[in-house]
Amino acid sequence: MALRSAAAAAVAAPRGLRRLFSTASTSPFIPPPTSAAAQAREQPEPSTNLFVSGLSKRTTTEKLQEAFSQFGEVVHARVVTDRVSGYSKGFGFVKYATLEDAAQGIQGMDGKFLDGWVIFAEYARPRPPLGQPGNNMAPPYGRQ
DNA sequence: TCTGAGCGA
């Protein structure tokens, strides 16, 4: 029981900022999120790719896929690990077969415990193209 | 074997 309370508290603030604006409904000044940037802030576009963060350093790809397969058909899953160290970076990606599976995967695994850590699942951001083939693998991605 | 709040080979 105590664990669920901790999970609820953790899911309420994965990064310290999640729904602070939603609780400020008593404020007379509420900026209407009609901007595309505002939607991209908390309204990520639906995608089969999910970004999972908060993973334990010991969480592996198979563990990630196994956990997310309970809520949908996972076609691919990967835990990002450091190339030099080989250790997990604490986050990974899960790709579902359909968008609905991805949505259920998020709502099913977001704020849940995995390897003793509260993980967070959300739609992954669209990354830029890999560039031209034949070039060095590891193009300087433009963050955000 | 580790780090922690992070978007990948």
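Numbers restart at 1 for each chain; the letters A, B, ... are given by sequence-line order, proteins then strands. Values below: every heavy atom of this structure, side chains too, minus hydrogens, waters and symmetry copies. All values reported here derive from a predicted model rather than from experimental measurement.
Checking B:dG6, B:dA5, B:dC7 against every side-chain atom of A:Trp117, the shortest atom distance belongs to B:dA5.
If you check every strand for non-hydrogen atoms under 4.0 Å, A:Gly54 touches a base. Here A:Leu55 lies in heavy-atom contact (under 4.0 Å) with a base. Here A:Lys57 lies in heavy-atom contact (under 4.0 Å) with a base.
Rounded to an integer number of Å, the gap from A:Glu122 CD to B:dC7 P is 10 Å. Spacing between atom CG of A:Asp110 and atom P of B:dC7 amounts to 17 Å, rounded to whole angstrom units. Going from atom CZ of A:Arg127 over to atom P of B:dA9 covers 9 Å, rounded to whole Å. A:Phe120 has its CZ atom 9 Å from the C1' atom of B:dA5, to the nearest Å. Computed from coordinates, the A:Leu114 CG to B:dA5 P distance equals 19 Å when rounded to whole Å.
Taking the 5.5 Å centre cut-off and the 30° plane limit, the aromatic side chain of A:Phe93 is classed as stacked on B:dG8.
Between A:His76 and A:Ser56, the residue anchored closer to the 5' end of DNA chain B is A:Ser56, taking for each the nucleotide with the nearest heavy atom. Sequence order on DNA chain B of the closest nucleotides to A:Arg83 and A:Arg58 puts A:Arg58 first from the 5' end.
One N or O on the side chain of A:Thr61 and one on the backbone of A:Val79 form a donor-acceptor pair closer than 3.5 Å. A distance-only check finds no donor-acceptor pair linking the side chain of A:Gln65 to the backbone of A:Glu62 [under 3.5 Å].
Considering only heavy atoms from C-beta on, A:Leu114 comes within 4.5 Å of A:Leu55 through its side chain.
Taking syn as a glycosidic angle within 90° of 0, B:dG4 does not qualify and is anti.
For A:Phe93 and A:Phe51, the ring centers sit closer than 6.0 Å to each other.
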